[in-house]
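Read through the structure below, which is laid out as structure tokens, and then see the notes.
Just so you know, ligand 1 is whichever comes first in the structure, and atom 1 is the first atom listed for that ligand.
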Amino acid sequence: MPSIYLDNAATTPLDERVLEAMMPFFTGNYGNPSSVHAHGRNARVELEKARKKIASLLCVSPGEIVFTSGGTEADNTALLGAISAYGIQQIISSPLEHHAVLHVVEQASRRLGITLSLLDVDANGSVNLEQLEQLLQKNPRSLVSLMHGNNEIGNLADLAAVSQYCREHGAYFHSDTVQTVGHYPLNLQELSVDAIVGSAHKFHGPKGVGFLYINKAKKIPPLIEGGSQERNRRGGTENIAAIAGMAKAMEIAQENQEQHRQQVSALKDYFIRQLQQAIPGVTFNGLSGDPSRSLYTVLNVGFPPNEATRGMLLFHLDLAGISASGGSACSSGARLGSHVLQALGADPERENVRFSFSRFTTHEEVDYTVTQLKGLYPGQ
Ligand SMILES: Cc1ncc(COP(=O)(O)O)c(C=O)c1O
């Protein structure tokens with residue numbers, strides 16, 4: 001039986017060149033970057049090289065990059081830090097955010113009595129930006145957190161428009177860019193944003209490592225207190241092997257970005273056409289069927305109601321050797337359904353599956369998947 005991986009929004013396979021870049025830190029160069037002796041200094045040199053590389057790919061200065069244990073920690077740090085540093089009175093976000101944002105702002109709002117406004121979204125998951133402007137006019141001491149690329153339905157936000165509103169009204173703007181770092185150009189010289197986050201395992205780097213960009217004019221306190229690592233912005237010995245791997249993965253991603261985008265976009269396009277031919281009545285959730293307004297890596301498919309597969313489609317795919325997902329990997333184990341599809345008012349009778357691709361996904365894998373799906377929907 002084949003083993004087909006169509007869940008790249010959950011995590012991606014490690015690039016072999018990334019593994020190679022990480023290996024020296026497990027053997028020869030094992031010093032603690034905070035130690036002042038030669039072993040420590042050797043590790044420090046590599047740590048700062050990685051920081052410089054990531055900063056240059058985002059067009060920011062190295063001092064604006066803080067290494068973290070991943071996207072979740074980076075989101076928590078940015079949100080809680082901005083709330084405590086800037087006397088935030090209102091948090092504006094959306095019901096489509098990843099739980100690394102949504103649960104943080106919900107809890108902060110409850111604990112600290114800060115107003116939380118979740119913007120309205122339409123049936124396609126487009127966020128109401130007029131409402132954003134109205135809310136900002138009412139209360140300029142706001143924290144705005146809106147994601148760049150949605151991990152479930154792929155919707156891409158207009159970060160330039162959001163940042164413009166935030167700048168006009170003096171709001172702090174954080175964007176969860178976990179699904180777009182490495183996949184889209186992010187020039188932070190052109191885009192006025194106060195904090196963004198990255199997670200290496202979403203672009204063929206290792207798990208458990210990420211970064212937070214914090215605009216130097218909008219400093220925030222650390223979330224994790226401890227030693228003076230990361231210029232007092234994140235306590236704890238840096239995971240130097242993982243950080244070097246992340247820098248390598250980001251370099252590879254950026255160098256070949258246009259080629260990867262074209263390759264994966266063509267594959268997504270092909271999948272859409274094959275599905276439409278094989279299964280009449282198939283739909284695409286959010287904007288994921290629209291190549292210009294969604295991540296090229298994500299396709300969220302709504303299958304027509306079918307007694308034979310009811311509630312079991314992912315299980316049938318798994319039995320056929322295909323790994324896909326019903327939503328975010330972090331909550332799929334909870335079996336509560338997707339909060340994103342619920343916010344869109346998706347039809348509960350339909351079976352929704354997120355397929356997500358990478359540059360390692362092949363046309364043969366797509367063909368096999370469509371054949372299996374056709375077998376599960378024979379009468380359609
Ligand atoms: C949009 C988004 N934000 C945050 C995260 C969390 O990142 P990490 O797994 O590195 O904690 C994810 C991972 O699924 C994500 O897709």
Please list, in number order, the atoms of ligand 1 under 4.0 Å from a heavy atom of [X].
X: Thr72; answer: 6 (C), 7 (O), 8 (P), 11 (O)
X: Gly70; answer: 10 (O)
X: His201; answer: 8 (P), 9 (O), 10 (O)
X: Met147; answer: 1 (C)
X: Ser199; answer: 8 (P), 10 (O)

Could you go through Phe357 and Leu299, starting from their C-alpha distance and side-chain angles, then the distance that decides it, and tell me whether this counts as side chain to side chain contact (heavy atoms under 4.5 Å, CB included)? CA-CA 8 Å; Phe357 322 105; Leu299 184 65; 4.0 Å; yes
Say whether Leu135 and Leu96 are linked into one hydrophobic cluster, either directly or through other cluster members, by side-chain heavy-atom distances under 4.5 angstrom.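 Yes, because Leu135 and Leu96 connect within a single hydrophobic cluster, where side-chain heavy atoms sit under 4.5 Å apart.
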Closest contact, heavy atoms only, Met22 versus Gly245: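 Closest approach of Met22 to Gly245: CG-CA, 3.5 Å.
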I'd like to know if Lys138 pairs up with Glu133 as an ion pair, taking the criterion as any Lys NZ or Arg NE/NH1/NH2 lying under 4.0 Å from an Asp or Glu carboxylate oxygen.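 Looking at Glu133 together with Lys138, the answer is no, because their closest N to O distance does not fall below 4.0 Å.
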Using a strict threshold of under 4.0 Å (side-chain N to carboxylate O), is an ion pair present between Asp7 and Arg354?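 Salt bridge present between Arg354 and Asp7.
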Tell me whether Ala10 has any N or O atom under 3.5 angstrom from an N or O of ligand 1.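 No, Ala10 has no N/O under 3.5 Å of an N/O on ligand 1.
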Just say parallel, tilted or perpendicular for the rings of His37 and His39, cut-offs at 30° and 60°.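 If you compare the ring of His37 with that of His39, the planes turn out perpendicular.
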Does Lys202 have a heavy atom less than 4.0 Å from any atom of ligand 1?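 Distance cut 4.0 Å: Lys202 passes for ligand 1.
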